[in-house]
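Report on one structure; see the data block that follows.
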There are 2 protein chains.
Amino acid sequence: MSTRERVRFGGRSARIQEAVHQAVKDLSARTPRADLTIPMIAAKAGVTPSTIYRRWGDLAELLSDVAVSRLRPIADPADCGSQEADLAAWTEQFMEEMSSDACRGMIRDACANPNDTKQCCGFIQDQLQVIVERAEARGEKPFDLERAMDQIVAPIMYRILFSAKPLDIPYSRQLVADFLK
Amino acid sequence: MSTRERVRFGGRSARIQEAVHQAVKDLSARTPRADLTIPMIAAKAGVTPSTIYRRWGDLAELLSDVAVSRLRPIADPADCGSQEADLAAWTEQFMEEMSSDACRGMIRDACANPNDTKQCCGFIQDQLQVIVERAEARGEKPFDLERAMDQIVAPIMYRILFSAKPLDIPYSRQLVADFLK
DNA sequence: CACACTAAAGCAAATTATTTGCATTAGAAG
DNA sequence: CTTCTAATGCAAATAATTTGCTTTAGTGTG
């Protein structure tokens, strides 16, 4: 009685969420984004469409939710021995991963939902925070997190969403070099 | 006979496009984004829904199209006498305009469509290009356009889309100062 | 200006997606 | 084991989307 408004996390709910997410991943690999429908996803997941409508509301929210869970990093940034090397390696890998067509699409999907975009932003900041803390532990002078978001992450995301300009290793090195200068 | 695959620009087509765009603007000012529907927009515009489906495809594309036309700048950047002053004034005004809730929504809409995002990017670049050309005419050493996109425009757009951080005049001054440094 | 041509719009029927009320299932708590 | 109820399933009702065909109105020609 003490737990009002409780939400159920484990069990069937979790299984269905997993099945629906998986169905979205499977289908979006084979189907153009504009052809995806909720009844199609529901069928693939072995679930009734109304379940999806009630839990997610509409297709944009579902896709945004799936996108965020896929954009969450799996591991901490690699430890390369120094802050500069960590940052260079992380930037290169981040740029490489995020600029794939699949990732571009997911980022566009995530953009539709303000909450989800903030979460993505948080993931990235957490990754950089790990690099900063590691630098502090080594006794290095840590870089400023906000400036890194502005000068490294923002230009990459801007090119992914708005521009046709290349996202390659020279560009990655230039961003890091300009930032550390 | 020489004009194959011709498209009609003026006349009725233009009137209907205008009516539909206006209907979207009117409705989106009063209606939460998630409640907008094509039949609703069609009724407001005095048009049949199938006209909208055939011309725009779906709601996301229509909203994206309207967003881009609204994000197109009306005038050239103000001439403040020097490149630095022009850039400072432009950045301040750009940030102010783009960070309104209405603009945030339009930018999210535009993000859904790769072509439209590139167009937006082009508008902004054209504005900065005007400042650069003016500087050249004055005999000033012009700044690098790509660096300006990376270090001024990108951080602003990133905060608008992904972050909850403030977009205020001190931040605008900081971006410009860091860039010109 | 009249005429032919046809892109774009209208209309309405057919299809498909979404919403909703009620019945059922299966976690969670006692 | 039993009770409680959030979450799902099901199916009917509603709403959106697609589509074939008709009509309207720019465009170009004589």
Side-chain angles (χ1 to χ4, degrees), chain A residues 1-28 30-66 69 109 112-113 115, chain B residues 1-28 30-66 69 109 112-113 115:
Chain A
M1 186 95 359
S2 60
T3 44
R4 308 228 75 193
E5 306 199 9
R6 70 192 143 176
V7 180
R8 293 179 175 174
F9 293 111
R12 182 168 57 162
S13 257
R15 281 198 305 279
I16 282 179
Q17 145 139 355
E18 174 52 28
V20 170
H21 274 225
Q22 192 57 50
V24 170
K25 291 175 203 168
D26 291 350
L27 287 170
S28 58
R30 310 171 198 299
T31 316
R33 163 66 223 253
D35 295 351
L36 284 179
T37 67
I38 285 186
M40 181 188 296
I41 293 164
K44 179 92 180 176
V47 153
T48 263
S50 63
T51 295
I52 296 180
Y53 288 115
R54 281 203 249 248
R55 276 185 68 163
W56 282 277
D58 61 19
L59 185 62
E61 281 195 56
L62 170 58
L63 294 181
S64 175
D65 183 47
V66 173
S69 82
D109 287 338
N113 182 321
N115 285 332
Chain B
M1 186 94 359
S2 58
T3 44
R4 305 228 77 192
E5 307 199 9
R6 69 192 144 177
V7 180
R8 293 180 175 176
F9 291 112
R12 184 167 58 162
S13 256
R15 281 198 306 278
I16 282 180
Q17 146 139 353
E18 174 53 26
V20 170
H21 274 225
Q22 192 56 50
V24 170
K25 292 177 204 167
D26 290 351
L27 286 170
S28 58
R30 311 170 197 298
T31 315
R33 163 67 223 252
D35 294 352
L36 283 179
T37 67
I38 286 186
M40 180 188 297
I41 293 163
K44 179 90 180 178
V47 153
T48 259
S50 63
T51 295
I52 295 180
Y53 288 115
R54 281 204 247 249
R55 275 186 67 163
W56 282 278
D58 61 18
L59 185 61
E61 281 196 57
L62 171 57
L63 294 181
S64 176
D65 183 47
V66 173
S69 81
D109 288 337
N113 183 321
N115 286 332

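All figures in this text were calculated on a predicted structure; none of them were measured in a lab.
- Side-chain proximity of Arg55(B) to dG27(C), dG26(D), dA9(C): nearest is dA9(C).
- Using a 4.5 Å heavy-atom threshold, the side chains of Leu59(A) and Thr37(A) count as separate.
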Please write out each protein N/O paired with an N/O of nucleotides 20-22 of chain C under 3.5 Å, distance rounded to 0.1 Å.
unit_1	atom_1	unit_2	atom_2	d
dG21(C)	O6	Arg54(A)	NH2	2.6

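- dT24(D) atom C1' lies 10 Å from atom CD1 of Ile16(B), rounded to whole Å.
- Rounded to the nearest 0.5 Å, atoms OG (Ser69(A)) and CD (Glu18(A)) are 8.5 Å apart.
- Distance Ile38(A) CD1 to dA16(D) P: 15 Å, rounded to the nearest Å.
- Arg54(A) places no side-chain N or O within 3.5 Å of a backbone atom of Pro49(A) that could act as its donor or acceptor partner.
- Here salt bridge (charged side-chain N to carboxylate O under 4.0 Å, His left out) pairs that include residues 30-45 of chain A, with residues two or more places apart or in two chains, are Arg33(A)-Asp109(A).
- Between Arg12(B) atom CZ and dA7(C) atom P there is a gap of 13 Å when expressed in whole angstrom units.
- As a whole-Å value, the separation of Asp58(B) CG from dA16(D) C1' is 12 Å.
- No side-chain heavy atom of Thr51(A) sits under 4.5 Å from any side-chain heavy atom of Val20(A).
- The heavy-atom pair separating Ala19(B) from Ala45(B) by the smallest distance is O-CB, 3.6 Å.
- Applying the side chain to side chain donor-acceptor pair (under 3.5 Å) test to residues at least two apart or on different chains, the pairs with a partner in residues 57-66 of chain B are His21(B)-Asp65(B), Trp56(B)-Asp65(B), Ser64(B)-Asp116(B).
- One finds the CZ atom of Arg15(B) at 8.0 Å from the CZ atom of Arg12(B) (value rounded to the nearest 0.5 Å).
- For dC11(C), one of the phosphate oxygens OP1 or OP2 lies less than 4.0 angstrom from a side-chain nitrogen or oxygen of Thr48(B).
- Regarding Leu59(A), its CG atom lies at a distance of 11 Å from the P atom of dA17(C), rounded to whole Å.
- Checking the phosphate oxygens (OP1, OP2) of dG9(D), a side-chain nitrogen or oxygen of Thr51(A) falls inside 4.0 Å.
- Using a 4.0 Å cutoff on non-hydrogen atoms, no part of residues 18-25 of chain A comes near DNA chain C.
- In terms of position on DNA chain D, the residue among Pro49(B) and Gly46(A) whose nearest nucleotide sits closer to the 5' end is Gly46(A).
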Produce the list of close N/O pairs, under 3.5 Å, pairing protein atoms with atoms of nucleotides 12-15 of chain D; give distances to one decimal.
none

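- In this structure, the nucleotide among dC10(D), dA9(C), dT8(D) sitting nearest to the side chain of Ser13(B) is dA9(C).
- One interatomic measurement links the two molecules: CG of Asp35(B) to P of dA16(D), which rounds to 11 Å at whole-angstrom precision.
- Residues meeting the side-chain hydrogen bond (donor to acceptor under 3.5 Å, both in side chains) test with Gln22(A), sequence neighbours left out: Asp26(A).
- In terms of heavy-atom proximity, Ala42(A) sits nearest to Thr48(A) at CB-C, 4.0 Å.
- Between the C1' atom of dG27(C) and the CD atom of Gln17(A) lies a distance of 16 Å, rounded to the nearest Å.
- Nucleotide dA17(C) holds its P atom 11 Å from the CD1 atom of Ile41(A), rounded to whole Å.
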